[in-house]
Amino acid sequence: MRDEERRRESERTLEQVQRDTESVGRSSLTRLGNHFAARDAHGEAEGGGTDPIEVWGRRIGRALSLVGVVVLTWWLGVQLKWW
């Protein structure tokens with residue numbers, strides 16, 4: 001009887017860990033997608049509306065920063081002779 005209780009508790013614990021891991025991964029990807037889509041640029045313009053130029057400026061700037069990180073990472077790898 002004791003082994004059966006341990007098995008059930010272990011299964012519950014594993015299910016909870018799996019649920020928590022999936023929700024953290026999904027929420028991180030959702031936040032990342034919202035960041036690069038500039039969905040956080042709402043209501044900052046005069047009158048409370050969203051300025052489309054500012055939204056596109058943020059999207060372009062964030063995309064260029066990502067490209068810059070990739071290029072600098074590649075250049076670091078070249079300098080350290082990783083590839």
Side-chain angles (χ1 to χ4, degrees):
M1 186 71 162
R2 183 78 173 134
D3 290 337
E4 184 65 27
E5 291 174 8
R6 286 182 183 170
R7 187 185 63 76
R8 276 191 241 135
E9 184 177 349
S10 297
E11 287 176 355
R12 280 194 304 264
T13 304
L14 288 172
E15 288 173 4
Q16 183 179 1
V17 167
Q18 184 179 7
R19 269 194 322 269
D20 292 346
T21 304
E22 288 176 357
S23 65
V24 168
R26 272 192 237 132
S27 67
S28 296
L29 289 176
T30 301
R31 278 188 278 140
L32 186 65
N34 289 340
H35 177 75
F36 280 103
R39 290 190 184 105
D40 57 349
H42 54 83
E44 295 178 10
E46 290 182 28
T50 303
D51 184 12
I53 301 299
E54 183 176 350
V55 171
W56 276 103
R58 286 184 184 207
R59 288 178 182 166
I60 291 168
R62 291 172 181 177
L64 288 175
S65 70
L66 182 63
V67 169
V69 166
V70 169
V71 168
L72 288 174
T73 302
W74 173 79
W75 184 249
L76 178 65
V78 168
Q79 293 298 313
L80 295 175
K81 296 181 175 43
W82 287 346
W83 47 78

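What you see is a predicted model, and the numbers here were worked out from it, not measured in a lab. Start at 1 with the first residue, then count along the sequence.
- Taking the side chain as every heavy atom from C-beta outward, Glu5 and Glu9 never approach each other to under 4.5 Å.
- Residues Thr13 and Gln16 fail the side-chain proximity criterion, which asks for heavy atoms closer than 4.5 Å.
- The environment of CD1 in Ile53 is sparse: at most 12 heavy-atom neighbours from other residues, nucleotides or ligands sit within 6.0 Å.
- Of all heavy-atom pairs spanning Phe36 and Arg59, the tightest one is O-CG, 3.7 Å.
- Taking CZ from Arg31 and CZ from Arg39, the interatomic distance works out to 14.5 Å, rounded to the nearest 0.5 Å.
- To the nearest 0.5 angstrom, Gln79 atom CD is 11.5 Å from Leu72 atom CG.
- The cluster map of Ile, Leu, Val, Met, Phe, Trp and Tyr, joined by side-chain heavy atoms under 4.5 Å apart, puts Leu80 and Trp74 in the same cluster.
- Here the closest non-hydrogen pair linking Ala37 and Val55 is O-CG1, 4.4 Å.
- Under a hydrophobic-cluster definition in which Ile, Leu, Val, Met, Phe, Trp and Tyr are linked whenever side-chain heavy atoms come within less than 4.5 Å, directly or via other members, Trp82 and Val78 are assigned to the same cluster.
- The two residues Trp83 and Thr73 have their closest heavy-atom pair at CZ2-O, 3.9 Å.
- Connection of Leu66 to Leu32 is established within a shared hydrophobic cluster, with ILVMFWY side chains joined at heavy-atom distances below 4.5 Å, either directly or through further cluster members.
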